[in-house]
Amino acid sequence: MDINSIATIVATILGSIGGLEFFRWLGSRKKDNVVWLEERITQRDLKIDALYVELRKEQADKLNWIHKYHELELLYKEAEWNRCNVRHCEGRIPPRGEMNKTINDIDDETE
């Protein structure tokens, strides 16, 4: 069999099936696939955007907790610094001493 006879057989088969309709079907199938893929990509992009929003929210929440923890840790260290080890004393002076004066104490001294 030569190439001409094979081409004739293929053309005859396609013609009997409805070759023009076959090619139209192939063309529309590709267009349908493109539309379907574009919709799928759009859905995935929306899902990724939603996940990023949730991730950023969780990260902000964690940073907020870290800031609160560090504030409490600083307050605890300051309380330890101001702790007086003498029990039952009236004029309690913390180990920090003069540095622990409040604004009212400074105003009283200047008057």
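When a residue number appears, it is its place in the shown sequence, counting from 1.
For the pair K77/E80, a side-chain contact is recorded, criterion being any heavy-atom separation below 4.5 Å from C-beta on.
Counting non-hydrogen atoms of other residues, nucleotides and ligands closer than 6.0 Å to CD of E73 gives a total above 12.
Atom-to-atom distance recorded for K47:NZ and D49:CG is 12.5 Å, nearest 0.5 angstrom. We find the CG-CD1 distance between N4 and I9 to be 11.0 Å, quoted to the nearest 0.5 Å. To the nearest 0.5 angstrom, W81 atom CH2 is 14.5 Å from Y76 atom OH. The distance from the NZ atom of K68 to the CG atom of N64 is 5.0 Å, given to the nearest 0.5 Å.
Through chains of ILVMFWY side-chain contacts below 4.5 Å, L37 is grouped with W36. When hydrophobic residues (I, L, V, M, F, W, Y) are linked wherever their side-chain heavy atoms come within less than 4.5 Å, W65 remains an isolated member.
Remark: Y52 engages I48, L55, R56 in a side chain to side chain contact (heavy atoms under 4.5 Å, CB included) (not counting sequence neighbours).
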Output, in order, the C-alpha distance, side-chain angles, deciding distance and verdict of side chain to side chain contact (heavy atoms under 4.5 Å, CB included) for V35 and E39. CA-CA 6 Å; V35 170; E39 289 175 1; 3.7 Å; yes

